[in-house]
Amino acid sequence: LDNPADAAGLEMTVRGPTLRFNTATAFCLTGAPMTATLDEAPVPFWQVVQAPAGAVLRLGTIAAVGTRAYLCVPGGIQVPRYLGSRATFTLGQFGGHGGRTLQVGDVLHLAPEAAAAGARHLPESLVPRYANRWTLRVIYGPHGAPDFFTDRDIETFFATAWEVHYNSSRTGVRLIGP
């Protein structure tokens, strides 16, 4: 969409909303693939799609692996910057669209003079491949000190395949392991 790096999009976790476009615009879906239709016609991911005024976009559940999908529009969704970001922090109740998750009846405003996005798609070679197993990089924090973990604890941590517990979020990840 040729958006600036700080353009806001809509992040959807596990399940998406049903949205009505009040004005004609282009959009692009990215991230983990979820079921998506525009006026009952299937919508592809990773390519620009044109939506006429009044069109209804229905986003279902994640269709395979992954957790989050994203909806982007030319120029981004218009939300104010807060602490240098347009993101919503729901626990703190600030940022984004009123500092909360979207609710039925909310109206998201688009950029008034966003450049028209042509019919483009991301080359297949650049589309991320999502898997059920990931190798992550770890950076020691204050809890890496011997006061919290012994050398054996650290060895166990790096030698173990861990599972992310369902009760995890961006502010903390609970791991299942030894």
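Note that the structure is predicted; figures quoted are calculated from it, not measured.
- Within 6.0 Å of atom CZ in Arg129, more than 12 heavy atoms from other residues, nucleotides or ligands are found, so the atom counts as buried in its surroundings.
- Taking NE2 of His97 as the reference point, atom CD of Gln78 lies at 13.0 Å (rounded to 0.5 Å).
- Between the side chain of Arg86 and the main chain of Asp6, a donor-acceptor pair closer than 3.5 Å is present.
- A distance of 12.0 Å separates OG1 of Thr61 from CE of Met12, quoted to the nearest 0.5 Å.
- Within the 4.5 Å cutoff, no side-chain heavy atoms of Leu59 are placed close to those of Thr18.
- Shown here for Gly75 and Asn3, the closest heavy-atom pair between the two residues is N-OD1, 2.6 Å.
- In terms of modelled atom types and a separation under 3.5 Å, the side chain of Glu124 and the main chain of Leu122 share no donor-acceptor contact.
- Contact of the Phe45 side chain with the Val127 side chain is not registered, since no non-hydrogen atoms from C-beta on lie closer than 4.5 Å.
- One distance of note links OG1 of Thr160 with CD of Glu155; it measures 10.5 Å at 0.5 Å rounding.
- Taking both residues in full, the closest heavy atoms of Ala7 and Gly76 are given as CB-CA, 4.0 Å, listed atom of the first, atom of the second, then distance.
- Residues Arg133 and Ala161 share a closest heavy-atom pair of NH2-CB, 4.1 Å.
- When side chains are defined from C-beta on, Thr156 counts as touching Pro178, because their heavy atoms get closer than 4.5 Å.
- Cluster membership for Phe149 and Phe158, using ILVMFWY side-chain heavy atoms within less than 4.5 angstrom, is shared.
- Linking ILVMFWY side-chain heavy atoms closer than 4.5 Å, directly or via other members, places Trp134 and Val14 in two distinct hydrophobic clusters.
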| task | Check the pair Thr150, Asp153 against side chain to side chain donor-acceptor pair (under 3.5 Å), reporting the backbone distance first and the verdict last. | result | CA-CA 5 Å; Thr150 66; Asp153 293 332; 3.2 Å; yes
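- Here the shortest heavy-atom pairing between Ala111 and Pro74 reads CB-O, 3.9 Å.
- Shown here for Gly96 and Pro80, the closest heavy-atom pair between the two residues is O-CD, 3.9 Å.
- Between Leu175 and Val173, the closest side-chain pair of non-hydrogen atoms falls below 4.5 Å.
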| said: Does Thr90 form a side chain to side chain donor-acceptor pair (under 3.5 Å) with Thr88? I'd like the steps, not just the answer. | reply: CA-CA 6 Å; Thr90 55; Thr88 304; over 6 Å; no
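- A ring-centre distance under 6.0 Å is not found for Tyr82 and Phe89.
- Nearest heavy-atom pair across Ala131 and Val65 is N-CG2, 3.9 Å.
- The neighbour count for Asp151 CG, taken as heavy atoms of other residues, nucleotides or ligands under 6.0 Å away, does not exceed 12.
- Taking the side chain as every heavy atom from C-beta outward, Tyr130 and Pro128 approach each other to under 4.5 Å.
- The shortest side-chain heavy-atom distance between Ser85 and Phe94 does not fall under the 4.5 Å cut-off.
- Crowding of Gln103 atom CD: a count of heavy atoms from other residues, nucleotides or ligands under 6.0 Å exceeding 12.
- Using a 4.5 Å cut-off on side-chain heavy atoms (C-beta onward), Phe21 and Leu38 make contact.
- Remark: Leu108 CG to Leu71 CG distance equals 9.0 Å, nearest 0.5 Å.
- Counted by atom type alone, Thr23 and Thr25 present zero donor-acceptor pairs between their side chains at under 3.5 Å.
- The main-chain N or O of Phe157 is found under 3.5 Å from a side-chain atom of Trp162 such that the two form a donor-acceptor pair.
- Between the OH atom in Tyr70 and the OG1 atom in Thr13 there is a gap of 7.0 Å [rounded to 0.5 Å].
- There is a path of hydrophobic side-chain contacts, each under 4.5 Å, that joins Leu83 to Leu91.
- If you take CD on Gln47 and OG1 on Thr30, they are separated by 12.5 Å, rounding to the nearest 0.5 Å.
- Ser168 places a side-chain N or O within 3.5 Å of a backbone atom of Arg174 that can act as its donor or acceptor partner.
- Tracing side-chain contacts under 4.5 Å through hydrophobic residues (I, L, V, M, F, W, Y), one reaches Val49 starting from Leu126; they form part of the same cluster.
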| Leu1 and Val48: CA distance, side-chain angles, deciding distance, side-chain contact (heavy atoms from CB on, under 4.5 Å) verdict | CA-CA 7 Å; Leu1 294 171; Val48 176; 3.8 Å; yes
